Student: 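Input: one structure, supplied below.
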Amino acid sequence: MDWDKLRIFHAVSEAGSFTHAGDTLNLSQSAVSRQISTLEESLGLSLFHRHARGLVLTEEGEILHKAAKKIFGELALIEGRLADSRQLPSGSLIITAAPFLGSTWLAPKLGQLKRKNPELQLTLLLDDRIFNLAMREADAAVRLYKSEQPDLVQRHLTDIHFHICGSKEYLAEHGTPQNAKDLQSHVLLGFPDNVPAPFADSNWLFRVAGQDPDSSPNIIKMNSLYGIYEAVQAGVGLAALPDYLVKETPGVLKIMPEIERAPVGMYFAYPEERKHSKRIAIFRDFLLESIEQTTF
């Protein structure tokens, strides 16, 4: 079987369309379609059902997709091990993190890492979706939950504490709540139910206030904690925000500090196979050093 065509088939299977696979492979849609047609002809099988809304794998296509996924996953792990065997603090390192944590805390500290390791080629992917580390979608992750994915090394880094907050302007105009019941008359900010949340129980505030997020007119939902933070600064309403972020924002105040949600654990995770990686070890040590400089 032609390895290049198998690579293209794998990309199309993952993307669900010739166009999206072409974007990933840097090929035109017609070139990708031609390669798949040639592969199907050589096998004497149809691998995809073509529909107006995209592609669906046939039964034979599913079988080949499972095999290709396993093959390319193992090749990615081997590539990582070969790179790790050099034991040099240089080369590519892809880290994934929750957007609000990456943009407000991690990104501003990267200068310290680069000054000590100028040869490190760092990519920071800020996304709430779960990247598959075993398939090398990223080398390591800073996560706000303990993963159930097998064969991962996970180190608990610290706990992030959250409190209910509002801007000085908002509180001056609407009053400062004195207890949980008072929250019912205030605008509350939180997450939609149908999007990936950066951590568990992200809408704790709604429950504390006794508000139904599906029916209350006092609730505004956003799929970004950083957006919620910006809205609080602008005086839109109240939200549960991380202490480290509020501490750096003079115009935002904690209210009812005795009401606190369960802390959110921060973890550093990477595949067991990468435990000897010098680059991952350098980033882990950088995280631990950075955490010592922050009160979460």
Side-chain angles (χ1 to χ4, degrees), residues 1-86 91-99 121-143 147-154 195-196 269-277 279-280 283:
M1 188 176 293
D2 188 307
W3 278 95
D4 193 49
K5 290 183 176 60
L6 185 62
R7 176 179 65 88
I8 293 172
F9 165 78
H10 179 251
V12 173
S13 302
E14 294 291 308
S17 77
F18 294 137
T19 302
H20 292 151
D23 293 340
T24 302
L25 298 166
N26 200 25
L27 294 172
S28 68
Q29 183 268 346
S30 58
V32 173
S33 178
R34 252 192 332 269
Q35 292 286 350
I36 294 299
S37 296
T38 303
L39 178 60
E40 290 177 320
E41 289 172 8
S42 68
L43 294 173
L45 298 166
S46 292
L47 299 174
F48 294 98
H49 296 297
R50 275 78 166 170
H51 297 284
R53 290 175 295 176
L55 302 172
V56 177
L57 287 162
T58 63
E59 185 177 349
E60 294 81 6
E62 288 280 6
I63 293 171
L64 185 59
H65 177 229
K66 288 178 182 177
K69 194 177 184 75
K70 183 178 180 181
I71 289 167
F72 286 104
E74 290 181 353
L75 285 173
L77 284 176
I78 290 170
E79 180 185 9
R81 289 176 190 169
L82 290 173
D84 292 342
S85 68
R86 295 198 300 267
S92 173
L93 182 65
I94 302 173
I95 303 294
T96 173
Q121 299 168 351
L122 184 66
T123 299
L124 189 59
L125 302 177
L126 303 182
D127 201 315
D128 286 327
R129 78 178 181 89
I130 300 172
F131 286 77
N132 190 329
L133 302 182
M135 293 295 294
R136 289 294 302 280
E137 289 185 342
D139 295 306
V142 181
R143 290 176 170 166
S147 176
E148 296 180 1
Q149 185 179 338
D151 303 324
L152 284 185
V153 176
Q154 299 186 81
V195 300
Y270 54 90
E272 175 75 27
E273 292 85 355
R274 309 294 303 281
K275 63 184 178 183
H276 299 301
S277 168
R279 286 165 293 168
I280 289 177
F283 196 83

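The first residue of the sequence shown is numbered 1, and numbering continues consecutively from there. All figures in this text were calculated on a predicted structure; none of them were measured in a lab. As a basis for the values below, the full set of heavy atoms in this structure was taken, side chains included, without hydrogen atoms, waters or symmetry mates.
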Student: When you compare the side chain of Leu64 with that of Leu6, does any pair of heavy atoms fall below 4.5 Å?
Tutor: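 Counting from C-beta outward, Leu6 and Leu64 do come under 4.5 Å.
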Student: Kindly say whether the aromatic ring centers of Phe9 and Phe48 come within a distance under 6.0 Å.
Tutor: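 So the answer is yes for these two rings.
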Student: Show the nearest heavy-atom pair for residues Ala11 and Leu25, with the distance to one decimal.
Tutor: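 Closest approach of Ala11 to Leu25, heavy atoms only: CB-CD1, 3.8 Å.
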Student: Going through the checks in order, is the salt bridge (Lys or Arg N to Asp or Glu O under 4.0 Å) test met by Lys66 and Glu59?
Tutor: CA-CA 11 Å; Lys66 288 178 182 177; Glu59 185 177 349; over 6 Å; no
Student: Which pairs of donor and acceptor atoms, one on a side chain in residues 29-38, lie under 3.5 Å apart (sequence neighbours left out)?
Tutor:
{"from": "Ser30", "atom 1": "OG", "to": "Ser28", "atom 2": "OG", "distance (Å)": "3.2"}
{"from": "Ser37", "atom 1": "OG", "to": "Ser33", "atom 2": "O", "distance (Å)": "3.1"}
{"from": "Thr38", "atom 1": "OG1", "to": "Arg34", "atom 2": "O", "distance (Å)": "2.9"}

Student: Determine whether the side chains of His20 and Ser17 contain a donor N or O and an acceptor N or O closer than 3.5 Å.
Tutor: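 Judged by distance alone, the side chains do pair up.
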Student: Does Arg143 reach the main-chain N or O of Ala269 with its side chain, forming a donor-acceptor pair under 3.5 Å?
Tutor: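 Absent.
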Student: If you take all heavy atoms of Ser42 and Leu39, which pair is closest and at what distance?
Tutor: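 Shortest heavy-atom contact: OG-O, 2.7 Å.
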Student: Return yes if some donor-acceptor pair links the side-chain N/O of Glu272 with the main-chain N/O of Val153 below 3.5 Å, else return no.
Tutor: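 Side chain of Glu272 to backbone of Val153, a donor-acceptor pair under 3.5 Å: no, none is there.
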Student: Not counting sequence neighbours, list each pair that qualifies as a salt bridge (Lys or Arg N to Asp or Glu O under 4.0 Å) and has a residue in residues 3-28.
Tutor: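 Output for this query lists Asp2-Lys5, Asp4-Arg7, Glu14-Lys69.
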Student: Just verifying a value: how many Å separate Glu273 CD and Asp151 CG, rounded to the nearest 0.5 Å?
Tutor: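 Rounded to the nearest 0.5 Å, the CD-CG separation comes to 6.0 Å.
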Student: Would you mind reporting whether Leu55 and His49 have side-chain heavy atoms less than 4.5 Å apart?
Tutor: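 No, too far: nothing below the 4.5 Å cut-off.
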Student: So Glu60 and Ser46, do their side chains get closer than 4.5 Å, heavy atoms only?
Tutor: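 The answer is no; the side chains never approach within 4.5 Å.
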Student: State, with a plain yes or no, whether a side-chain heavy atom of Gln154 is found less than 4.5 Å away from one of Tyr270.
Tutor: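 With C-beta onward as the side chain, the pair stays apart.
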Student: Do any side-chain atoms of residues 124-134 form donor-acceptor pairs under 3.5 angstrom with protein atoms, and if so which ones, sequence neighbours left out?
Tutor:
{"from": "Asp127", "atom 1": "OD1", "to": "Arg129", "atom 2": "N", "distance (Å)": "2.9"}
{"from": "Asn132", "atom 1": "OD1", "to": "Ala134", "atom 2": "N", "distance (Å)": "3.0"}
{"from": "Asn132", "atom 1": "OD1", "to": "Met135", "atom 2": "N", "distance (Å)": "3.1"}

Student: Are Asp139 and Arg279 within salt-bridge range, i.e. N to O under 4.0 Å?
Tutor: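 No salt bridge links Asp139 with Arg279.
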Student: Could you report the tightest heavy-atom contact between Ala15 and Ala21, atom names first, then the distance?
Tutor: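 Where Ala15 meets Ala21 most closely, the heavy atoms are CB-N, 3.7 Å.
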Student: Considering non-hydrogen atoms only, spot the tightest contact between Leu57 and Ser13 and give its length.
Tutor: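 Distance-wise, the nearest heavy atoms are CD2-OG, 3.8 Å.
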Student: Would you check, one step at a time, whether the test side-chain contact (heavy atoms from CB on, under 4.5 Å) holds for Trp3 with Ile8?
Tutor: CA-CA 9 Å; Trp3 278 95; Ile8 293 172; over 6 Å; no
Student: Start with the C-alpha distance between His51 and Val56, add both sets of side-chain angles, then the distance that settles side-chain contact (heavy atoms from CB on, under 4.5 Å), and finish with yes or no.
Tutor: CA-CA 8 Å; His51 297 284; Val56 177; 3.8 Å; yes
